[in-house]
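FYI, side chains are in, hydrogens and waters are out, and symmetry mates aren't considered; it's all heavy atoms of this structure.
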Amino acid sequence: MRIALTATCLGDVMFPQAPRATALLLERLGHEVFFPERQACCGQMHVNTGYLDEAVPVVRNHVEAFSPVLDGEWDAIVVPSGSCTGSVRHQQGMVCRRAGLDDLARTADAVAAKTYELSELLVDVLGVTDVGAYFPHRVTYHPTCHSLRMLHVGDKPLRLLRAVEGIDLVELPAAESCCGFGGTFALKNAETSTAMLADKMTHVKATGAEVLTAGDASCLMHIGGGLSRIRAGVRTLHLAEILASTKDAPAPVAAGATDGSAR
Amino acid sequence: MTRTFLGLPVRRGARTLPDDVAHPGGHGTSASAGRASDAFGDVPHPDAPLRWGDAFPDAARVALQNTQLRRNLAHATSTIRTKRAAVVGEVPDWEALRDAGSAIKTDVMARLPELLEELERNVVARGGVVHWARDADEANRIVADLVKAKGVDEVVKVKSMATQETGLNEALAAEGIAAYETDLAELIVQLADDMPSHILVPAIHRNRAEIREIFLARMGDAPPDLSDVPRELAMAARAHLRRKFLSAKVAISGANFGVADTGTLTVVESEGNGRMCLTLPETLITVMGIEKVVPTYTDLEVFLQLLPRSSTGERMNPYTSLWTGVTPGDGPQEFHLVLLDNGRTDVLADEVGRAALHCIRCSACLNVCPVYERVGGHAYGSVYPGPIGAILTPQLTKASGGLSGHDDPNASLPYASTLCGACYEVCPVKIDIPSILVELRAREVDADRGRPTGWGAAMKAASFVMSDARRFGLAGRAAGLGRVVAGSSGRISTLPPPASGWTRSRDLPAPAQQTFRDWWRDRPVDEPRTEGGERP
Ligand code: SF4
């Protein structure tokens, strides 16, 4: 299958290991991966902060970067992020319509219909749960809010993780509770966000996991930033990184790399 | 007789609030300005029940320091969440019921004037009297005049959000009328001179030890050996209220639903206090928000399934009272229905925001909200807290969009959410609260366009950069310079405002040495396909 990759703005600049792992994983599974160079950002940050006019050019750029999918250039678009996929699917059309751009809205909706979050693409479109990964570590999974409640990915990420060879997957208590990130919420309501983060970290530590994984780099940046601050000794890895990990090319869980930050 | 402005006669042992506390200033009054020194509550009684206290971030900061509150709330909300999930899970057609509830409400909003007139005709035809109140003051005046016409200075009340919203108890007290709340949790709040913090369980921020203290100090006739066993507390309240039920000549209630095609009003409750109020007194006055009308009697079938499971986590609420006008020789012989607007027609006129009027006040969205669970209801500065409050209060008070001034504390409410979507998922009438929050944020931003703000400038710059791959690529490379700030640890632990909001409690990883974009471009074309997550 010919698959176009959305790196996401955060993945491109701050967490390139997530889109990189996505590309390598899909190639390992025998697919052809493309990176439409015109892409930048899906517009989610602007939308969620209320800057809908400012979101229009961002959304337009995204839609135009990926619209070749409608001409059969690629078979599908993959996004290693639940919230970016959610924004593409549930916000871009609204932004265009609100600005009176009905044609662009229709194109956005059509592109969105070909866009999948990573676990959706693997399980629903490609029909695999065992991707041949190897990751012999104790791992806990945080289902991010948008993947859970906007996309309804359900247990797809967990099915993928369970099939990973050597993994010791432990359940996260109160897993479905928000980590408190919420984009600019973390700044505008920093204290409340921190209170939510504190509870999430307590649950993560209670699992005894050495790795926390999720399908969104943004939430991992938040929880990982907190775990790093308290020197919790828990590393954060994007779901794609674990699925891309093999015996020959293991995802790094090196000593000193336990703070969840990018290397 | 001197009374607290809540209507509690002093002879019953309640203290009198000093005059200067009784009516703190207008909108934006800070929580501390009107604080009564010896009150159980942290919150003074506001002039404006839809706008009190500080902006949300400030009010939340104070609330977060209250460890007792956080413990009480975490316990109470998780208990009720579990109960709700269990009873909702056993209904096979739950999603279809939600769709039905949503469809009925959409239909109601589409033809509200016609349905209200139909309701009025049918209430009048069955012997009731209908009053129309444009705003809170008008509603309060209508009720006070009706009570005074009966020549009484005491009324019993069924818990009602509409009369919380109008500040009816305070208005009646100003007219020398004492209003006795008969719902247990509402009684606790009233005795404590507190404000409600939840729309179903207004005293959810209290634990039983606190409730015992409040009863002993304020009830007047609480047994001196009262323990904090829930059953004993309930029995004390019951004995206390019983006399009131039997002597009251006038009762005041809200309504969960008003049925247009029959003129029937509905109250659902758990304790039976409502049933007593609705049947024993000679006169019944019901204050109902105009959005509570439903077209037909059979529509109740949908809502009476959705409401109890969503709200108390019960399959069926213990008491469902339905009454239609006046029945000679049975129940109140005089019935008044006060239809309250108070900003609702403005909300109705708004295509996106109007869905907030679909709310049936079940409180499920509060119980699942991770923000509400941490900060409690008082931080929202309105009798409507939580997710529904965050979309309803700013609309009822015209706070979003700068209509009431840029410093309106209610303008901060749409930002009091991570947009996690838990509220939308449980709402029995499928109100898309996150989307309405975004819309209200957008309105705020649009109203602010004339004024230079830091956020506005940052978002404009980001829009410029993020709408073009070349600019974004350059910015990505420049971000790599952040590695200098991070130093050898690879983590950033202090940043200037507003980013300091982040680094106060979290590190930020250094931006990647090489962006994904650059890695992709530099990648050898014949790179072995098996390479794993190796990092440069
Ligand atoms: S918004 Fe929905 S969930 Fe919240 S109180 Fe209203 S009906 Fe219940």
Go through [options] and name the one with the most non-hydrogen pairs under 4.5 angstrom from chain B.
options: Pro19(A), Gly180(A), Ala7(A); answer: Pro19(A)
options: Val56(A), Thr144(A), Thr184(A); answer: Thr184(A)
options: Val59(A), Thr192(A), Leu52(A); answer: Thr192(A)
options: Arg38(A), Lys188(A), Gln39(A); answer: Lys188(A)
options: Glu54(A), Gln91(A), Glu64(A), Glu176(A); answer: Glu54(A)
options: His62(A), Arg98(A), His90(A); answer: Arg98(A)

Do [X] and [Y] sit within salt-bridge range, that is, some charged N less than 4.0 Å from a carboxylate O?
X: Asp199(A); Y: Arg374(B); value: yes
X: Asp446(B); Y: Arg443(B); value: no
X: Glu444(B); Y: Arg441(B); value: no
X: Lys460(B); Y: Asp53(A); value: no
X: Arg81(B); Y: Glu373(B); value: yes

With a 4.5 Å cut-off on heavy-atom pairs, point out which of [options] contacts chain A the most.
options: Cys420(B), Gly501(B), Ser435(B); answer: Cys420(B)
options: Ala60(B), Ala422(B), Ala475(B); answer: Ala422(B)
options: Ser500(B), Gly421(B), Pro414(B); answer: Gly421(B)
options: Asp507(B), Ile492(B), Val465(B), Thr418(B); answer: Asp507(B)
options: Pro434(B), Ala379(B), Pro370(B), Gly473(B); answer: Pro370(B)
options: Thr515(B), Leu437(B), Val445(B); answer: Val445(B)

Would you say [X] and [Y] make side-chain contact, with heavy atoms under 4.5 Å?
X: Pro57(B); Y: Ser412(B); answer: yes
X: Met150(A); Y: Ser147(A); answer: no
X: Phe15(A); Y: His238(A); answer: no

Region of [X] that comes under 4.5 Å of a non-hydrogen atom in chain B:
X: Arg60(A); answer: neither
X: Thr49(A); answer: both
X: Met221(A); answer: both
X: Ser177(A); answer: side chain
X: His222(A); answer: both
X: Leu5(A); answer: side chain
X: Ala240(A); answer: neither
X: Ile242(A); answer: neither
X: Val95(A); answer: neither
X: Tyr134(A); answer: neither

Checking [X] against chain A: side chain, backbone, both or neither under 4.5 Å from a heavy atom?
X: Asp468(B); value: backbone
X: Ala499(B); value: backbone
X: Leu419(B); value: both
X: Trp520(B); value: side chain
X: Thr503(B); value: both
X: Arg70(B); value: side chain

Flag for [Y]-[X]: side-chain donor and acceptor within less than 3.5 Å:
X: Arg506(B); Y: Ser193(A); value: yes
X: Ser81(A); Y: Asp216(A); value: yes
X: Asp522(B); Y: Gln514(B); value: yes

Requested in this report: Would you check if the side chain of Ser463(B) reaches a backbone N or O of Met459(B) as a donor-acceptor pair within less than 3.5 Å?
Outcome: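 No.
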Query - For Arg521(B), all residues meeting salt bridge (Lys or Arg N to Asp or Glu O under 4.0 Å), sequence neighbours excluded - result: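 Listed in chain order: Glu37(A), Asp518(B).
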Query raised in the report: On the ring face of Tyr424(B), is Arg149(A) found with NZ or CZ under 6.0 Å from the centre and within 45° of the axis?
Result: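 Geometry flag: not set, cation outside 6.0 Å or 45°.
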Query - side chain to side chain contact (heavy atoms under 4.5 Å, CB included) evaluation trace for His75(B) with Thr79(B) - result: CA-CA 6 Å; His75(B) 176 74; Thr79(B) 307; 3.9 Å; yes
Requested in this report: Kindly state whether the ring of Phe56(B) and the ring of Tyr380(B) have centres lying under 6.0 angstrom apart.
Outcome: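 Yes, the ring of Phe56(B) comes within the 6.0 Å limit of the ring of Tyr380(B), centre to centre.
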